[in-house]
Amino acid sequence: MSSSLPGKPASGFGHYLRDVVYGALDGVVTTLAVVSGSAGAMLDPRIGLILGLANLAADGVSMGASNYFALKSELAQLGLPSATEQPWRHGLATTAAFVVAGTVPLLAYFVPRPASVSVLEIALVLSALTLSYAGAVRAAFVGQSRWRSAGEMLAIGAAACSVAYAIGVIAERVLR
């Protein structure tokens, strides 16, 4: 929250770590969930891409605005002026991380691939790499092993992706 928190850097990447981890993890997970749900429902890849792009834009804005208003509310609750922490910068950091990381699963629609490899498989690999990298970067700031931090990020991504895929499969069968 405030740069007066013990151990929180007053500036630089570490100051925005919470915002970037929040945005990047949610960006990859929600966009991968759209790709997974679309694949589970056996939707045309164009539909998955359109839904993924819509998610990327709308959820990116929503995440940044939510972080901005949440921090602004917290500062007001503590009786601190918004200028203490500049909530708009935190909102922008969340949005940027969301859009950058959230774009990665959608790259699977553009990567040349053999017919035996699905868009979902490419999206899973790209997302796993992105989540692992984000976890490793996070580890450097929180004093955790890179493997553990990457594993935590991967576990969240895998759980969300599995749920979205299962819902897609179930919805496709029910709505057939």
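- Hydrophobic clustering (ILVMFWY, side-chain heavy atoms < 4.5 Å, transitive): V20 and L92 are in distinct clusters.
- Around the CZ atom of R148, the shell of radius 6.0 Å holds no more than 12 heavy atoms that belong to other residues, nucleotides or ligands.
- A heavy-atom distance below 4.5 Å is found between the side chains of F98 and L56.
- Cluster membership for V99 and Y109, using ILVMFWY side-chain heavy atoms within less than 4.5 angstrom, is shared.
- Hydrophobic clustering (side-chain heavy atoms under 4.5 Å, transitive across Ile, Leu, Val, Met, Phe, Trp, Tyr) groups Y16 together with V142.
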Chi angles and distances behind the ring-ring contact (aromatic ring centres under 6.0 Å, His included) call for Y68, H90:
CA-CA 6 Å; Y68 166 81; H90 291 271; over 10 Å; no
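- Nearest heavy atom pair, residue A33 against residue A164, reads O-CB, 3.3 Å.
- Looking only at side-chain heavy atoms (C-beta outward), N67 and D19 come within less than 4.5 Å of each other.
- Residues R18 and L71 meet the side-chain proximity criterion, which asks for heavy atoms closer than 4.5 Å.
- In this structure, the side chains of S38 and L51 come closer than 4.5 Å at one or more pairs of heavy atoms.
- Considering only heavy atoms from C-beta on, M153 comes within 4.5 Å of L25 through its side chain.
- Residues meeting the side chain to side chain donor-acceptor pair (under 3.5 Å) test with Q144, sequence neighbours left out: R138, E152.
- Distance check: L75 CG to T84 OG1 gives 6.0 Å after rounding to the nearest 0.5 Å.
- Taking NE2 of H15 as the reference point, atom CD of Q86 lies at 8.0 Å (rounded to 0.5 Å).
- The only option from T130, L131, V137, L129 that meets the side-chain contact (heavy atoms from CB on, under 4.5 Å) definition with Y133 turns out to be V137.
- For the atom pair CG of L126 and CG of L106, the computed distance is 10.5 Å after rounding to the nearest 0.5 Å.
- Side chain of S132 to backbone of A150: no donor-acceptor contact under 3.5 angstrom is found.
- Cluster annotation: V169 is not connected to I167 through the hydrophobic network of ILVMFWY side chains, with a link wherever side-chain heavy atoms come within less than 4.5 Å.
- Residues L43 and L32 fall into different hydrophobic clusters, defined by Ile, Leu, Val, Met, Phe, Trp and Tyr side chains chained together at heavy-atom separations under 4.5 Å.
- With a 6.0 Å radius and a threshold of 12 heavy atoms from other residues, nucleotides or ligands, F13 has its CZ atom above the threshold.
- Closest of all the heavy-atom pairs between S149 and G135 is OG-O, 2.6 Å.
- When every heavy atom of T31 is checked against every heavy atom of G52, the shortest pair comes out as CG2-O, 4.4 Å.
- Interatomic distance, CD1 of I156 versus SG of C161, reported as 13.5 Å (0.5 Å rounding).
- Note that CG of L120 is 7.0 Å distant from OH of Y165, once rounded to the nearest 0.5 Å.
- Side chains of M63 and T30 form no contact here, defined as non-hydrogen atoms less than 4.5 Å apart.
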